[in-house]
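Taking it in order: structure first as C-alpha cells, then the write-up.
All residue numbers refer to positions in the sequence shown, counting from 1.
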Amino acid sequence: MTIKTLEDLFIHELSDIYSAEKQLTKALPRLARASTHPDLKEAFESHLEETQGQVERIDQVVELLGIRLKRIKCAAMEGLVEEGKEVIDGVEEGPLRDIALIGGGNRVEHYEIAGYGTLIALAKQLGYTDAVPLLADTLKEEKAADEKLTLLASAVSAQKASEKA
C-alpha cells in the first residue's frame, strides 16, 4: 500500500490496529487458560470483552467516516502473540509463567497505546472530530489494562518471592 496523504496514513494505521485487535481476541483466551493466578486469568478474560468492544468501536469509526479498511496483518501483534505462545510452551506453569505473561501483556498494551495515540492525533489533524471520542475511549481502556497488569506484576512477583522463602 502506498501512503501519500494523512488520510492514507490514518486508514493504514486504523487497518493495522484493527488487525492487532482481531489477533488479540484469538490470543487472550489462550493467555487466560495458561495463567494460574486467578486475578491474572480474570484480567485476560475481562480484557477479551473490552477488546471485542474496541473492534466494534473501530467498525463505528469506519462507518462514521465512510472509509474502507485495508486487508493487512499487523506484523507487530503477530510477533507479540508468538512470544506469548513461546512463554506458554517454554515456562513451567506457575507464578514465573504468570510474570512472563504479564510482561508480554504490558508490551501488547504499550503497542496499542502508541497506535491509538497516533490515530487520535491524525483524526484531529484530519478534522475527524466524531471519531476522536471513540478512539480516546479505547486509549483510556488500553492505559487502564496496562496499569492493571503492572499492579498484578507486583502481586505475582511477591507470590513467587514467598515461594523461595
Check: Val62 and Arg68 side chains under 4.5 Å, non-hydrogen atoms: no
Spacing of OH belonging to Tyr116 relative to CD belonging to Glu141, to within rounding of 0.5 Å: 9.0 Å
Minimum side-chain heavy-atom gap Glu50-Gln54 below 4.5 Å: yes
Minimum heavy-atom distance between Ala43 and Leu152, given as atom pair plus value: CB-CD1, 3.8 Å
Nearest-0.5 Å distance, CG of residue Leu31 to NZ of residue Lys85: 10.5 Å
Cationic N near anionic O, under 4.0 Å, Lys143 to Glu109: no
Glu92 bridged to Arg97 by N-O distance under 4.0 Å: no
For Pro95 against Val156, the heavy-atom pair lying closest together: O-CG1, 3.5 Å
Whether over 12 other heavy atoms sit under 6.0 Å from Gln125 CD: no
Exercise: do Ser19 and Gln23 side chains pair donor with acceptor under 3.5 Å: yes
Taking every non-hydrogen atom, the tightest pair across Leu48 and Thr25: CD1-O, 3.5 Å
Rounded distance [0.5 Å steps], CG in Asp39 versus CG in Leu149: 11.5 Å
Verdict with supporting geometry, Tyr111 and Cys74, side chain to side chain contact (heavy atoms under 4.5 Å, CB included): CA-CA 11 Å; Tyr111 179 77; Cys74 178; 3.3 Å; yes
Heavy atoms of other groups near Glu147 CD, more than 12 under 6.0 Å: no
Hydrophobic cluster identity match, Val61 and Leu6, side-chain contacts under 4.5 Å: yes
Minimum heavy-atom distance between Ser35 and Leu101, given as atom pair plus value: OG-CD1, 3.9 Å
Side-chain heavy atoms of Ile67 within contact of Leu14, under 4.5 Å: yes
Partners meeting side-chain hydrogen bond (donor to acceptor under 3.5 Å, both in side chains) with Lys41 (sequence neighbours left out): none
Shortest non-hydrogen separation from Ala32 to Glu45 and the atoms involved: CB-CG, 3.8 Å
Electrostatic pair Arg57:Glu21 at N-O distance under 4.0 angstrom: no
Which atom of Asp98 lies closest to which atom of Ala34, heavy atoms considered: OD1-O, 4.1 Å
Lys124 side, atom NZ; Leu119 side, atom CG - distance, nearest 0.5 Å: 12.5 Å
Rounded distance [0.5 Å steps], CG in Leu65 versus CG in Asp130: 8.0 Å
Side chain Asp146, main chain Glu142, donor-acceptor under 3.5 Å: no
Selection residues 37-87 - residue pairs positive for ring pair (Phe, Tyr, Trp, His ring centres under 6.0 Å), sequence neighbours left out: none
Inter-residue atom distance Leu151.CG - Lys148.NZ, 0.5 Å rounding: 10.0 Å
Qualifying residues under ring-ring contact (aromatic ring centres under 6.0 Å, His included), relative to Phe10, sequence neighbours excluded: Tyr128
Working for side chain to side chain contact (heavy atoms under 4.5 Å, CB included), residues Leu40 and Ile102: CA-CA 8 Å; Leu40 180 57; Ile102 290 168; 3.6 Å; yes
Short side-chain to backbone donor-acceptor contact, Asp16 and Glu13, under 3.5 Å: no
hydrophobic_cluster_shared for Leu64 and Leu135, side chain cutoff 4.5 Å: yes
